[in-house]
Amino acid sequence: MNIEHLIRMANQIGTYFAAEPDRAVARDGVADHLVRFWEKRMRQNLYAGFDQGTATTLAPLVSEALTEHRERILGKAA
């Protein structure tokens with residue numbers, strides 16, 4: 001799947017959770033959504049772009065969620 005499409009979808013999730021006043025709850029919400037509704041392959045591809053530095057347009061909230069909840073989102077020890 002195209003990394004730009006994944007970034008766009010992830011940022012839409014981030015926009016939804018950005019309304020949450022508690023930043024930790026918002027990060028948890030982003031992570032939970034990715035785990036519950038994205039295929040593992042999609043999550044792996046998003047992390048590949050994130051780790052390679054090609055996902056530069058990710059919203060800050062999404063980047064924070066990816067950093068904080070890596071193991072949970074990928075479903076394994078990272």
Side-chain angles (χ1 to χ4, degrees):
M1 184 167 255
N2 180 299
I3 187 65
E4 291 303 319
H5 184 66
L6 293 172
I7 291 168
R8 188 170 38 258
M9 292 191 308
N11 283 343
Q12 289 173 335
I13 296 163
T15 298
Y16 176 82
F17 286 102
E20 169 59 52
D22 185 329
R23 192 75 168 183
V25 171
R27 289 190 303 268
D28 289 345
V30 170
D32 185 54
H33 185 93
L34 293 174
V35 169
R36 292 179 66 204
F37 299 108
W38 282 33
E39 294 178 4
K40 187 171 188 173
R41 172 183 54 91
M42 293 168 66
R43 298 189 311 261
Q44 290 170 332
N45 287 343
L46 181 61
Y47 268 104
F50 184 68
D51 292 341
Q52 294 168 4
T54 58
T56 58
T57 57
L58 276 173
L61 177 62
V62 177
S63 294
E64 293 167 17
L66 291 177
T67 299
E68 182 177 331
H69 297 287
R70 182 181 201 94
E71 289 181 18
R72 185 170 127 208
I73 293 170
L74 287 175
K76 63 177 181 175

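No experiment lies behind these values; they were computed from the predicted model shown.
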[X] side, atom [atom1]; [Y] side, atom [atom2] - distance, nearest 0.5 Å:
X   : Y   : atom1 : atom2 : answer
I7  : T56 : CD1   : OG1   : 6.5 Å
I3  : L58 : CD1   : CG    : 7.0 Å
L46 : L34 : CG    : CG    : 7.0 Å
E4  : N11 : CD    : CG    : 9.5 Å
E39 : N45 : CD    : CG    : 10.0 Å
Q12 : R8  : CD    : CZ    : 7.5 Å

#### Entry: Sequence neighbours excluded, every pair satisfying salt bridge (charged side-chain N to carboxylate O under 4.0 Å, His left out) that has a member inside residues 9-26
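Found R23-E64.
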### Message
Among residues at least two apart in sequence or on other chains, which ones pass side-chain hydrogen bond (donor to acceptor under 3.5 Å, both in side chains) with R36?
### Response
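Counting only residues at least two positions away or on another chain, R36 forms no side-chain hydrogen bond (donor to acceptor under 3.5 Å, both in side chains).
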### Message
The test is side chain to side chain contact (heavy atoms under 4.5 Å, CB included); show your working for W38 and L6 and say whether it passes.
### Response
CA-CA 10 Å; W38 282 33; L6 293 172; 3.9 Å; yes
Do [X] and [Y] have side-chain heavy atoms sitting under 4.5 Å apart?
X   : Y   : result
D32 : H69 : no
E68 : V30 : no
D28 : F17 : no

#### Entry: By ring pair (Phe, Tyr, Trp, His ring centres under 6.0 Å) - contacts of H33 (at least two apart)
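With sequence neighbours excluded, H33 shows a ring pair (Phe, Tyr, Trp, His ring centres under 6.0 Å) to F37, given in chain and number order.
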### Message
Please give me the minimum heavy-atom distance between A31 and A65, naming the atom from each residue.
### Response
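Closest heavy-atom pair between A31 and A65: N-CB, 4.4 Å.
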### Query
Which pair of non-hydrogen atoms, one from T67 and one from F50, has the smallest distance, and what is that distance?
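The pair with the smallest heavy-atom distance is OG1-CZ, 3.5 Å.
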